Amino acid sequence: MSAAAPDITILTQGLSRSFGTVAAIRKVDMAILRGEIFGLVGPDGAGKTTIMRMLAGILTPDAGAISVDGIDVVRDAESVKHHVSYMPQRFGLYEDLTVTENLFFYGELFGVSRRDRLARSRELLAAAGLLPFQDRLASQLSGGMKQKLGLVCALIHAPRILLLDEPTTGVDPVSRRDFWAILYSLRESGVTIVLSTAYMDEAERCSRLALLHAGEIRHCDTPERLKQAMPGALLAVAGPDPRTLRTLIAGRPGVLGVLLMGDRVHVRVDDPARRIPELEALFAGQGITGAVISSADPGIEDVFVALVGTQTAS
Amino acid sequence: MNIRRVFAMAYKETLQIWRDPRSLAIALLMPLMQMTLLGYGVSLDIKHVPVCVYDQENNQQTRGIVERLVSSGWFSISRTLTRQTGIRRAMDRGECIAAIVIPANFSRELAATGSAPVQAILDATDVNTTNIAIGYLQGVVAQINAALDAQWAEAHGVKGSLAGQVELAQSTWFNETLDSRNFIIPGVVAVILALVGAQLTSLTIAREWERGTMEQLISTPVTALEVMLGKLVPYFAVGLIDAVFCLASAAWWFRVPFRGNIITLFVTTALFILVVLDIGYLISVRIRSQLGASQVALLITLLPTTLLSGYTFPIDQMPAPIRALTLIVYPRYYVTILRAIFLKGSGLADLWAPSLGLLAYAVIVIWLAARAFQKRLD
């Protein structure tokens with residue numbers, strides 16, 4: 001696509017797809033820049049996987065255009081597969097093959113030379129902490145190790161674009177840290193990464209985010225600017241019984257949103273200076289002691305709820 | 001087409017077959033079991049037909065007749081009766097298929113007129129068996145007549161053969177002992193290879209869908225043709241091993257005479273295995289669950305193969321529309337080929353028609369199979 005600006009790697013226009021009568025995604029427009037980590041954020045069923053599959057060229061859109069690295073994916077899906085590495089949400093490697101055998105297989109499919117394959121395997125396995133497990137069957141790896149192996153296999157041919165569908169779901173914190181270390185180093189070398197996630201702490205690490213709800217992109221910007229765009233100010237209320245506090249606070253005048261966050265309640269209000277004393281008076285009137293109100297920095301979860309109107313995870 | 005990707009697919013598939021005890025068992029044990037079951041179970045020969053004898057005269061001569069029945073090997077005396085009503089009871093109980101009644105005046109009549117009747121009563125509920133038993137009986141009677149003639153000639157001092165007597169001289173070619181096993185075993189081999197071959201590949205694509213590996217596979221540059229070829233190569237080897245096993249046991253264990261040459265056998269067998277594997281592959285592409293694919297493979301191979309391949313029921317005897325239908329039953333070509341190679345020693349030149357049939361089938365099925373697989377989720 002000659003119309004695409006040189007720094008745009010992935011461009012979608014009016015992308016739509018239905019399954020039966022259900023519209024999975026509706027008119028999705030995205031422009032993803034080279035070298036950024038672009039996050040698709042949304043609850044289950046928002047359409048994240050559908051978009052990922054279309055970008056990978058394995059699902060045909062009903063309408064709309066996709067350009068990846070200048071290739072028209074709708075017309076010529078096979079060409080894009082040389083440029084892109086796709087890691088599906090469900091573990092897609094062969095469980096009855098060892099780590100090395102999986103790497104060999106995917107290396108061969110992408111035409112990687114033996115020397116490159118050995119060098120890259122070593123480097124990537126070391127980064128993923130998988131070197132000691134090279135001869136282990138994939139089925140005998142832990143969930144986190146499996147996902148890291150998936151990433152290593154996806155990177156064996158040094159792709160320019162990486163598509164990761166919920167790559168860290170069910171992954172332990174240590175493996176997630178390894179995972180992100182690899183992603184950051186990839187970004188340094190100019191690889192474009194698109195990942196979907198339901199984890200908000202992970203979303204914060206992306207360069208830009210698309211907030212997805214019911215098949216539509218509601219907002220798309222950097223995490224910082226999304227936070228700035230959030231109407232109102234955020235208060236954190238800590239107390240002995242957060243559930244009771246939430247019920248109490250919800251629907252009060254000036255309260256725009258209430259969100260239970262572990263042992264605290266995040267309350268979005270129009271005017272903190274006016275509402276904090278009101279809330280304190282409310283607690284006192286109900287005989288609640290020990291509730292502490294402070295102002296808080298919004299997380300992506302708060303932003304998502306404020307901008308989209310629902311929570312990402314129930 | 002990229003040969004490296006084909007090789008990678010083949011290598012990966014080989015590792016998977018090797019590590020999956022279920023596929024290995026299907027691949028190697030099923031032919032063994034089926035060869036034993038079908039090889040021994042299916043025989044059109046009937047030996048030791050149970051017979052009841054009601055010998056009303058019961059002297060040396062009539063006992064001699066009964067003796068001849070037994071010594072022919074086709075019959076065994078299950079019961080000796082002393083009353084006509086016993087016949088019905090013996091048949092009702094399934095103790096005999098035929099009853100031989102020798103009248104009380106048999107010897108006297110034979111001596112006086114030169115011929116005497118022996119009655120054979122047959123239970124015709126199983127027509128096939130009955131017909132065969134009648135054939136055997138006629139054979140034995142002919143022997144007895146010949147012996148009687150010889151006795152008579154000797155008694156009257158006539159030397160040499162009876163002038164002017166016409167005899168039907170039967171001569172059987174290719175299966176001299178008229179052993180139906182020689183005819184059936186090559187068919188059994190074809191049936192087994194058709195069943196097992198389709199089973200093998202029917203799982204191969206479905207397995208990738210079920211285990212979730214397909215989504216990743218289709219996101220790579222591998223082409224549909226490369227996937228098919230890579231997956232077929234190791235199964236082709238397994239199919240050949242099975243074929244060698246089945247054919248060897250036909251020749252050496254079941255002792256079917258082998259008169260053809262190995263090259264003809266190899267070429268036609270390889271072609272047949274190719275067809276069979278591609279049929280299974282085609283099913284696998286269409287049906288995304290292993291269980292479903294395996295069931296469909298069994299269903300569409302078992303019935304046509306056993307009924308319409310000519311392996312037990314002769315195709316010549318079928319009504320014209322059914323006979324036309326057998327043209328699409330690919331095992332029929334291989335059944336014909338195997339029988340001809342084994343019993344007649346036919347070469348490729350003699351077998352051009354059925355070989356061409358297989359070749360045409362292979363081309364069509366491979367073309368269909370290569371096109372059927374779409375690298376798409378929708």
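Values in this document were obtained by computation on a predicted structure and should not be read as measured data. Convention: sequence-line order gives letters A, B, ...; per-chain numbering from 1.
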Handout entry: Members of residues 202-209 of chain B whose heavy atoms come closer than 4.5 Å to chain A
Key = B:Glu208, B:Trp209

Handout entry: Output field: ring centroids B:Tyr281/B:Tyr235 closer than 6.0 Å
Key = no

Handout entry: SB check B:Lys375 A:Glu78 (cutoff 4.0 Å)
Key = yes

Completion exercise
Correct closest heavy-atom pair for B:Leu338 and B:Pro186 would be CD1-O, 3.2 Å

Completion exercise
Bottom line for B:Arg211: the part with an atom under 4.5 Å from chain A's heavy atoms is both

Problem - A:Lys48/A:Glu166 ion pair, N-O < 4.0 Å - result: yes

Problem - Atom group of A:Phe19 that falls short of 4.5 Å from chain B, counting heavy atoms - result: neither

Practice task
Tell me, please, whether A:Tyr199 has A:Arg176 positioned over its six-membered ring: NZ or CZ under 6.0 Å from the ring centre and within 45 degrees of its axis?
Solution key: yes

Problem - Residue part contacting chain B, namely of A:Leu137, when any heavy atom lies under 4.5 Å - result: side chain

Practice task
Go through the atoms of B:Met214 and report whether side chain, backbone, both or neither lie under 4.5 Å from a heavy atom of chain A.
Solution key: neither

Practice task
Under 4.5 Å, counting heavy-atom pairs only, tell me which of A:Gly57, A:Ala56, A:Ser85, A:Ser79 racks up the most with chain B.
Solution key: A:Gly57

Practice task
For the pair A:Glu95 and A:Lys146, evaluate salt bridge (Lys or Arg N to Asp or Glu O under 4.0 Å) and give the outcome as yes or no after the intermediate values.
Solution key: CA-CA 9 Å; A:Glu95 304 231 354; A:Lys146 276 185 188 174; 3.4 Å; yes

Practice task
Would you mind checking if A:Glu101 and B:Arg19 are paired as a salt bridge, meaning a charged N to carboxylate O distance below 4.0 Å?
Solution key: yes

